[in-house]
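Heads up, the thing below is written out as structure tokens.
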Amino acid sequence: MNSPALPFPTRPLRPPAELEQHFWRCDDTRCPDASYRFSIVLPRSWAPLDTPVAPPAAGGGLVSLGVYRPGTLVTAEVEVHACLLAREVAPADWLELYLERLGAEVVARRDVDTEGGKVADILTRSASADGPLVTRWLAMKNYDRLFLLEGRALEPNYPSAAEAIFTALTNVNLLHPIDWPLVERLRSFSRRHPGDFLVLYPESWQLVEDPANSERALQVSLLQRAGDVVVGKLVFATVARDALSDPQALADRFAADLRAGDMEVGPLRLVPDAPRPGFAATWQALAPVGLGGIAGESRVWIGERPDAWFFAGVLGPARAADPEAWAVNTRAHAILLQYLKVP
């Protein structure tokens with residue numbers, strides 16, 4: 001027999017006056033590093049556990065910044081974790097990979113676009129020694145600090161705790177936020193010909209200009225390395241509008257360049273992409289790529305303007321082959337497009 005649907009509230013269930021009557025705001029200032037201090041809204045019967053708190057270390061894993069639960073019978077609890085990120089990733093991608101490693105079953109989900117990348121709010125079910133455990137997760141970041149918010153209850157207790165968990169997780173606010181939404185600072189690159197543009201990209205990527213660049217065609221490569229190994233490549237190019245007949249010709253040229261480098265590349269079949277200010281039309285494509293025995297992929301975006309074709313492609317391991325590299329590469333490609341400026 002299928003279990004009934006688990007509640008997944010996405011908006012307050014009470015008017016503000018009633019919410020203030022039944023909930024209180026806890027300012028958790030225990031962490032020695034003020035950038036990890038935050039406020040959280042809790043039911044009036046809940047309180048933080050009196051536990052020592054220390055900030056995460058570079059290269060380390062998640063640390064607990066606080067656990068919050070009822071003061072008497074514990075039927076649910078909320079925990080706030082944090083870790084330091086070395087590269088820019090979207091919080092939603094980070095959380096997806098984390099839950100995949102846990103082996104949790106996703107029951108419900110919603111996504112929200114933010115300046116720091118897409119944020120995912122996910123409800124999961126997993127096994128525990130005491131029976132099925134239902135957990136609501138939300139990951140957010142501020143500069144290089146990622147905060148993982150977790151509200152959990154055994155499945156029989158979850159429906160009555162769903163509102164408290166939702167209210168707590170969606171009302172966590174940093175007391176001393178850093179005024180920068182990305183893990184990395186951004187570098188810029190601009191030219192006026194063959195297309196006038198400005199692009200921004202995470203500073204960990206190394207930019208290399210093609211020596212054959214001219215006023216008719218320009219190409220740069222952005223490389224992401226793990227030690228001496230290139231684990232991601234972004235290609236940005238502009239080509240004079242009258243030099244190519246259509247966007248598919250530009251995608252085919254990119255695929256031919258990959259094949260010339262002894263890569264096995266599937267067809268890059270362009271499909272229309274979402275409209276973008278400054279461009280008459282845009283397209284995208286995704287194709288598998290063989291990277292010397294490693295399953296890879298190439299995602300391309302093409303935009304059309306009166307003066308030039310614009311091309312942005314990312315090449316690297318597929319998600320199944322190297323999830324962490326995939327998340328970093330995907331996010332860098334998104335940033336390149338997000339901050340692409342044209343007249």
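Just so it is clear, the structure is predicted and the values come from calculations on it, not from any experiment. Sequential numbering from 1 along the given sequence is applied to the chain's residues.
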Taking every non-hydrogen atom, the tightest pair across [X] and [Y]:
X: G61; Y: P56; result: O-CB, 4.2 Å
X: N329; Y: L315; result: ND2-O, 4.4 Å
X: I294; Y: A321; result: CG2-CB, 3.9 Å
X: P194; Y: S214; result: CD-O, 4.1 Å
X: A287; Y: L268; result: CB-CD2, 3.6 Å
X: A251; Y: I302; result: N-CD1, 3.9 Å

- Query: Parallel under 30°, tilted from 30 to 60°, perpendicular over 60°: which one fits the rings of F310 and F197?
  - Reply: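 Because their plane-to-plane angle is over 60°, the rings of F310 and F197 count as perpendicular.
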- Query: Which word best sums up how the rings of F279 and W301 line up, parallel for under 30°, tilted for 30 to 60°, or perpendicular for over 60°?
  - Reply: perpendicular
Check this for me: does any side-chain nitrogen of one of [X] and [Y] sit under 4.0 Å from a carboxylate oxygen of the other?
X: E79; Y: R152; result: yes
X: E100; Y: R319; result: yes
X: E96; Y: R109; result: yes
X: D252; Y: R259; result: no

From [atom1] ([X]) to [atom2] ([Y]), nearest 0.5 Å:
X: E155; Y: T135; atom1: CD; atom2: OG1; result: 11.0 Å
X: F147; Y: L65; atom1: CZ; atom2: CG; result: 6.5 Å
X: E150; Y: I165; atom1: CD; atom2: CD1; result: 9.5 Å
X: E304; Y: L244; atom1: CD; atom2: CG; result: 11.5 Å
X: T124; Y: L99; atom1: OG1; atom2: CG; result: 6.0 Å
X: L200; Y: I335; atom1: CG; atom2: CD1; result: 9.0 Å

Does any non-hydrogen side-chain atom of [Y] lie less than 4.5 Å from one of [X]?
X: N173; Y: R25; result: yes
X: L182; Y: R331; result: yes
X: V265; Y: F254; result: no
X: N171; Y: F23; result: no
X: Y201; Y: F236; result: no
X: L154; Y: L133; result: yes
X: W283; Y: Q248; result: no
X: M263; Y: L291; result: yes

[X] side chain vs [Y] backbone, donor-acceptor pair below 3.5 Å:
X: W24; Y: W46; result: yes
X: Y158; Y: P7; result: yes
X: R37; Y: C31; result: yes
X: N213; Y: Q219; result: yes
X: K233; Y: S221; result: no
X: H333; Y: A312; result: yes
X: R305; Y: G278; result: yes

- Evaluate the side chain to side chain contact (heavy atoms under 4.5 Å, CB included) criterion for residues R145 and L84: first the C-alpha distance (whole Å), next the side-chain angles of each, then the deciding distance (0.1 Å), finally the verdict. CA-CA 5 Å; R145 292 134 168 84; L84 282 168; 4.1 Å; yes
- Message: Applying salt bridge (charged side-chain N to carboxylate O under 4.0 Å, His left out) to E209 and R191, what does each step give before you reach the verdict?
- Response: CA-CA 12 Å; E209 289 195 54; R191 289 291 186 272; 2.9 Å; yes
Please say whether the positively charged group of [X], taken as NZ for Lys or CZ for Arg, lies over the ring of [Y], i.e. under 6.0 angstrom from the six-membered ring centre and within 45 degrees of the axis.
X: R185; Y: Y143; value: yes
X: R241; Y: W309; value: yes
X: R187; Y: W205; value: no

- Shared hydrophobic cluster for V342 and F189 (ILVMFWY, side-chain gaps under 4.5 Å):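 Yes, because V342 and F189 connect within a single hydrophobic cluster, where side-chain heavy atoms sit under 4.5 Å apart.
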- Task: Could you go through the side chain to side chain contact (heavy atoms under 4.5 Å, CB included) check for V235 and V300 one step at a time?
- Result: CA-CA 9 Å; V235 175; V300 305; over 6 Å; no
- N142/S35 under side chain to side chain contact (heavy atoms under 4.5 Å, CB included): CA gap, chis, key distance, verdict: CA-CA 9 Å; N142 179 235; S35 66; 5.8 Å; no
- Item | Candidate pair R30 and D50, rule salt bridge (charged side-chain N to carboxylate O under 4.0 Å, His left out), full reasoning | CA-CA 10 Å; R30 290 176 292 175; D50 185 13; 5.0 Å; no
- Go through the steps to decide whether L95 and L148 satisfy the test side chain to side chain contact (heavy atoms under 4.5 Å, CB included), and finish with yes or no. CA-CA 8 Å; L95 180 55; L148 177 63; 3.8 Å; yes
- Message: Around atom CZ of R192, are there more than 12 heavy atoms from other residues, nucleotides or ligands closer than 6.0 Å?
- Response: no
- Is the CG atom of L175 crowded by more than 12 outside heavy atoms at less than 6.0 Å?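 Buried by this count: over 12 neighbours within 6.0 Å.
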- Query: Can you find a side-chain donor-acceptor pair between R87 and Q224 that sits under 3.5 Å?
  - Reply: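 Note: R87 and Q224 side chains meet the donor-acceptor criterion.
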